[in-house]
Number of protein chains: 2
Amino acid sequence: MKKLRISIENVKNLLEAKGVKPSFQRISVLKYLLQENNHPSVDTIYKNLVSQIPTLSRTTVYNTLKLLSEKEVISTLSISNTDLRFDFVGEPHDHFQCNTCGKIYDIYEISDFSELKTVDGHQVQEMQLHLKGTCNRCLESLN
Amino acid sequence: MKKLRISIENVKNLLEAKGVKPSFQRISVLKYLLQENNHPSVDTIYKNLVSQIPTLSRTTVYNTLKLLSEKEVISTLSISNTDLRFDFVGEPHDHFQCNTCGKIYDIYEISDFSELKTVDGHQVQEMQLHLKGTCNRCLESLN
DNA sequence: TATAAATTTGTAATGATTACAAATATAGAA
DNA sequence: TTCTATATTTGTAATCATTACAAATTTATA
């Protein structure tokens with residue numbers, strides 16, 4: 001939830017390290033994702049960037065996110081039933097979505113399935129623990 | 001994945017116990033869900049039932065699933081990025097979706113967060129562990 | 001039976017995502 | 001540098017799941 005300061009140079013290096021050519025649009029999208037740390041939707045990303053990049057196309061945002069996902073720079077969350085949500089692939093963590101305000105929070109230190117490679121003969125490649133309920137802010141405002 | 005035999009009478013009682021008036025359509029939808037045990041999409045449910053109920057409307061399937069969800073007879077899975085998937089609310093379990101064939105399998109005996117009520121001050125009401133990878137059938141057919 | 005309420009239905013609208021081809025930018029060779 | 005091929009971006013149109021909504025039908029009740 002906290003906004004970080006990320007340099008363009010860092011994002012550029014990150015992309016190159018993952019084999020993605022660091023175009024201006026790609027740097028912008030990934031930088032936004034890292035800075036906001038907010039699990040944004042495609043629409044949120046687009047609306048925030050189009051003010052800085054007036055020629056930006058929604059399709060470019062889709063293309064970029066798909067590419068970054070394939071290169072495992074980011075991961076696609078399926079926690080929302082209405083739209084795609086994205087997250088940087090960093091330290092493993094889980095997610096909590098508030099049923100009231102819709103915000104998605106990072107949750108650390110609950111699950112540890114890191115050693116889990118196979119279940120019932122299925123080969124496990126990714127795992128996500130989704131928690132839902134009422135977040136602490138919404139709980140407060142109920143009082 | 002196994003197909004069960006469920007009597008209409010059982011489904012009717014189940015609906016009434018949860019405070020849902022057991023109309024023919026509602027019984028049909030829930031019976032299908034219980035029988036197939038397959039986490040079907042709305043479209044799958046509709047297509048399978050419309051042969052028996054030619055007048056069935058897709059909207060009715062949506063309405064019914066929404067109602068059953070509200071009454072906590074079924075739960076809505078957010079494991080698929082493309083459509084809604086549904087599951088009967090029975091014994092707690094997790095889900096594994098195959099990236100190759102798209103099938104969703106029930107997984108028992110991995111996670112136990114049953115005592116988890118609060119995380120970082122957020123009130124937890126539901127939780128889903130989503131595993132993704134390659135299922136045992138698809139692994140076999142790769143050889 | 002008559003009336004009101006609940007349920008179902010079909011169509012149209014919405015909104016996210018994808019397909020696709022034209023336009024633009026980038027990289028490499030001559 | 002210029003030319004050419006390749007990669008990237010863009011905008012529009014198509015697709016597909018879901019929702020809105022009002023008419024039609026069914027069910028319950030008086």
Side-chain angles (χ1 to χ4, degrees), chain A residues 8 11-12 15-16 18-32 39-71 73-86 97 102 104, chain B residues 8 11-12 15-16 18-32 39-71 73-86 97 102 104:
Chain A
I8 289 184
V11 178
K12 196 163 165 284
L15 286 171
E16 279 169 342
K18 295 279 191 166
V20 179
K21 203 174 293 181
S23 72
F24 182 61
Q25 287 83 344
R26 288 169 182 172
I27 291 173
S28 303
V29 168
L30 182 53
K31 185 165 180 283
Y32 178 82
H39 318 91
S41 64
V42 173
D43 206 58
T44 303
I45 297 171
Y46 172 75
K47 282 185 176 146
N48 276 280
L49 293 182
V50 78
S51 53
Q52 307 160 40
I53 314 168
T55 60
L56 185 67
S57 163
R58 223 174 279 265
T59 303
T60 298
V61 180
Y62 275 103
N63 289 344
T64 300
L65 292 167
K66 193 182 176 194
L67 178 67
L68 294 182
S69 225
E70 283 164 5
K71 298 288 186 176
V73 181
I74 66 174
S75 66
T76 305
L77 303 184
S78 55
I79 195 170
S80 166
N81 282 332
T82 52
D83 49 20
L84 298 171
R85 297 303 192 93
F86 300 91
Q97 183 170 39
I104 297 175
Chain B
I8 290 184
V11 178
K12 195 161 166 286
L15 286 172
E16 279 169 342
K18 295 280 190 165
V20 179
K21 203 174 292 181
S23 72
F24 183 61
Q25 287 84 341
R26 288 169 181 172
I27 290 172
S28 303
V29 168
L30 183 52
K31 185 165 179 284
Y32 178 82
H39 318 91
S41 64
V42 172
D43 205 57
T44 303
I45 298 170
Y46 172 75
K47 281 184 175 145
N48 276 279
L49 293 182
V50 78
S51 54
Q52 307 160 39
I53 315 168
T55 61
L56 184 67
S57 162
R58 225 173 277 265
T59 303
T60 299
V61 180
Y62 275 102
N63 289 342
T64 300
L65 291 167
K66 192 180 175 197
L67 179 67
L68 294 182
S69 224
E70 284 164 3
K71 297 289 186 175
V73 181
I74 66 174
S75 66
T76 305
L77 303 184
S78 55
I79 195 170
S80 167
N81 283 331
T82 52
D83 50 18
L84 298 170
R85 297 304 193 91
F86 300 91
Q97 183 170 39
I104 298 175

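Residue numbers begin at 1 in each chain, while the letters A, B, ... track the order of the sequences.
For B/R85 (side chain) and B/H39 (main-chain N/O), a donor-acceptor pair under 3.5 Å exists by modelled atom type. Within the 3.5 Å criterion, the main-chain N or O of B/S78 finds a donor-acceptor partner in the side chain of A/S78.
For the pair A/Q25 and D/dT10, the criterion of a side-chain N or O lying under 4.0 Å from OP1 or OP2 is met. Note on A/T55: every side-chain N or O is 4.0 Å or more away from OP1 and OP2 of D/dT9. Dashed line: the shortest gap from a side-chain N or O of B/T60 to OP1 or OP2 of C/dT9 is under 4.0 Å.
For the pair B/F86 and B/T76, the minimum side-chain heavy-atom distance is below 4.5 Å. No side-chain heavy atom of B/L67 sits under 4.5 Å from any side-chain heavy atom of B/V73.
Atom pair A/L56:CG and D/dT12:C1' shows a separation of 16 Å (rounding to whole Å applied). Rounded to an integer number of Å, the gap from CD of A/E70 to P of D/dT8 is 12 Å.
Of all the residues in residues 44-54 of chain B, not one reaches under 4.0 Å from DNA chain D with any non-hydrogen atom.
Shown here for A/P22 and A/E16, the closest heavy-atom pair between the two residues is CG-OE2, 3.6 Å. Annotation for B/R26 and B/K21: closest pair NH1-O, 3.0 Å, computed over non-hydrogen atoms.
Residue-environment remark: CD1 (B/I53) exceeds the threshold of 12 foreign heavy atoms within 6.0 Å.
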Pairs under 3.5 angstrom only: tabulate donor-acceptor contacts from the side chains of residues 41-52 of chain A to other protein residues two or more places apart or in another chain.
residue : atom : partner : partner atom : Å
A/S41   : OG   : A/T44   : N            : 3.2
A/S41   : OG   : A/T44   : OG1          : 2.9
A/D43   : OD1  : A/R58   : NH1          : 2.3
A/D43   : OD2  : A/K47   : NZ           : 2.7
A/N48   : ND2  : A/Y32   : OH           : 3.1
A/N48   : ND2  : A/T44   : O            : 2.8
A/S51   : OG   : A/N48   : O            : 3.2

Produce a footprint string for nucleotides 17-29 of chain C: one letter per nucleotide, 5' end first; B if the base is under 4.0 Å from any protein heavy atom, S if only the sugar-phosphate is, - if neither. BBBB---------

